[in-house]
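Written out below as structure tokens is the structure these notes cover.
Order of the sequence lines fixes the chain letters, A, B, ..., with proteins taken first and strands second; residue numbering starts at 1 for each chain.
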There are 2 protein chains.
Amino acid sequence: MRLTNKGKYGINALLVLASSQEDGPLTLKTIAGKAGIPEHYLEQIMGRLRQCGLVASTRGVQGGYRLARESEKIFIGEIVEAAEDSVQPVKCAAHQCERSDSCLNHDLWSRVTESMLKTLNGMSLAALCRDAFDHPCRGGDCSYPAWENIESGGV
Amino acid sequence: MRLTNKGKYGINALLVLASSQEDGPLTLKTIAGKAGIPEHYLEQIMGRLRQCGLVASTRGVQGGYRLARESEKIFIGEIVEAAEDSVQPVKCAAHQCERSDSCLNHDLWSRVTESMLKTLNGMSLAALCRDAFDHPCRGGDCSYPAWENIESGGV
DNA sequence: CTAATCCCGACTATTTTTGTAGGCAATTGA
DNA sequence: TCAATTGCCTACAAAAATAGTCGGGATTAG
Ligand code: FES
Ligand code: FES
């Protein structure tokens, strides 16, 4: 029942993007560098985020990624859902069995998923970014990005 | 972000126990059989549940496991916490960093954990047991026990 | 004493997660 | 048109977590 690196990397990549909106699209390499994520791994994650409509990309020279919406309108739950394989603790919710509409177990875990997403979607990328950017917390089990070589700040 | 078999097995084992309170302690073998869980694996899980004070055991002939409290006073969140390695999606909460008290990320994930547990602890073992026992939902991704060879029912 | 039963630690197998590699496709600009 | 840059995709490999197995020891009833 834990967040995997995919989710964490997804959030951090978007935090980096959110913090550098002005300067045109950022390349994968730049994002990976600033957030401290293996480049090719991040590529796979960005693919998911793109398919879910959270980022947009342009190819070729001077291409890269940018947020598909303003960071105020992107929420952490969306990112986690897009990046992780599944946010539901139990598969049960997906399938159909005779009494799934009146099954207490099914019901319980649906409510768990719901409450997690509600909490996560109560936080915007913008809000988290403001905090993350000047947060000194690094290393250990902390999950904010490393912000390597960052110059211009804030959101 | 999913419930592992440890958690599912823990719940199912306790459901079996809750459904046969009267007949004295149940052996590992019996529980494993009724719930459809590999015996030796369940043994490890029962160890955790015992250490967390959810079940009590007696050794030797005619020994076995029984609930440490009435099933109305045992809650699903407790079982999951005891059986799973961790219920927190993010480790961050455990460690200490300079600003963890004012870190939005830390705060967010703490609230997620909290809301999950609140939901899970809103359901008693007894309530789930009543539903599980006559619930026809089996196989697929459903997680209620198989109730193999069960005779006496209800809670 | 013996059989039943829980207890414990080490070991193996399987699955999931994490990360790497390499080629193809699109875009820009000289 | 061509070359450089950059994203896109699929397959593969390594590491970690989970799931499950095994065997010996301790405790208790009869
Ligand atoms: S609907 Fe899945 S356990 Fe009942
Ligand atoms: S306290 Fe862990 S990220 Fe800030």
Next item on the list: Identify whether any heavy atom of B:Gly47 sits under 4.0 Å from a base atom; if not, whether one sits that close to sugar-phosphate; answer base, sugar-phosphate or nothing.
Entry: nothing

Check: So what does A:Ile37 hit on the nucleic acid, given a heavy-atom distance under 4.0 Å: a base, only sugar-phosphate, or nothing?
Finding: nothing

Next item on the list: Taking all non-hydrogen atoms of both residues into account, name the closest pair between A:Leu108 and B:Ile76 and its distance.
Entry: CD2-CG2, 4.1 Å

Notebook entry, point to check: With respect to A:Met1, which candidate in B:Thr4, B:Asp85, B:Val80, B:Thr113 satisfies the side-chain contact (heavy atoms from CB on, under 4.5 Å) definition?
Noted result: B:Val80

Let me know the distance between [atom1] of [X] and [atom2] of [N], rounded to the nearest Å.
X       : N      : atom1 : atom2 : result
A:Arg48 : D:dC8  : CZ    : P     : 15 Å
A:Tyr65 : D:dT6  : OH    : C1'   : 9 Å
B:Asn12 : D:dA19 : CG    : P     : 13 Å
B:Gln51 : C:dG9  : CD    : C1'   : 13 Å
A:Lys29 : D:dT5  : NZ    : P     : 10 Å
B:Arg66 : C:dT5  : CZ    : P     : 15 Å

What distance separates [X] [atom1] from [Y] [atom2], expressed to the nearest 0.5 Å?
X        : Y       : atom1 : atom2 : value
B:Lys34  : B:Ser20 : NZ    : OG    : 4.0 Å
B:Tyr144 : B:Ile11 : OH    : CD1   : 9.5 Å
B:Met46  : B:Leu14 : CE    : CG    : 6.0 Å
A:Trp109 : A:Lys91 : CH2   : NZ    : 14.0 Å
B:Ile31  : B:Ile45 : CD1   : CD1   : 11.5 Å

Margin query: Treating primed atoms plus P, OP1 and OP2 as sugar-phosphate and everything else as base, which nucleotides of nucleotides 24-30 of chain C get B, S or - for protein heavy atoms under 4.0 Å?
Written below: -BBBB--

Item checked: Pair A:Phe75-A:Leu117, side-chain contact (heavy atoms from CB on, under 4.5 Å): steps then yes or no -> CA-CA 10 Å; A:Phe75 299 94; A:Leu117 284 179; over 6 Å; no

Notebook entry, point to check: Has the side chain of B:Asn12 got a donor or acceptor atom that lies under 3.5 Å from a matching backbone atom of B:Ala35?
Noted result: no

Please list, pair by pair, any protein nitrogen or oxygen found under 3.5 Å from a nitrogen or oxygen in nucleotides 14-21 of chain C.
from   : atom 1 : to      : atom 2 : distance (Å)
C:dT17 : OP2    : A:Asp85 : OD2    : 3.3
C:dT18 : OP1    : A:Asn5  : N      : 2.9
C:dT18 : OP2    : A:Thr4  : OG1    : 3.3
C:dT18 : OP2    : A:Asn5  : N      : 3.4
C:dG19 : OP2    : A:Tyr9  : OH     : 3.2
C:dT20 : O4     : A:Gln44 : NE2    : 2.7

Check: Is A:Arg50 near enough to D:dC8 that one of its side-chain N or O atoms lies under 4.0 angstrom from OP1 or OP2?
Finding: yes

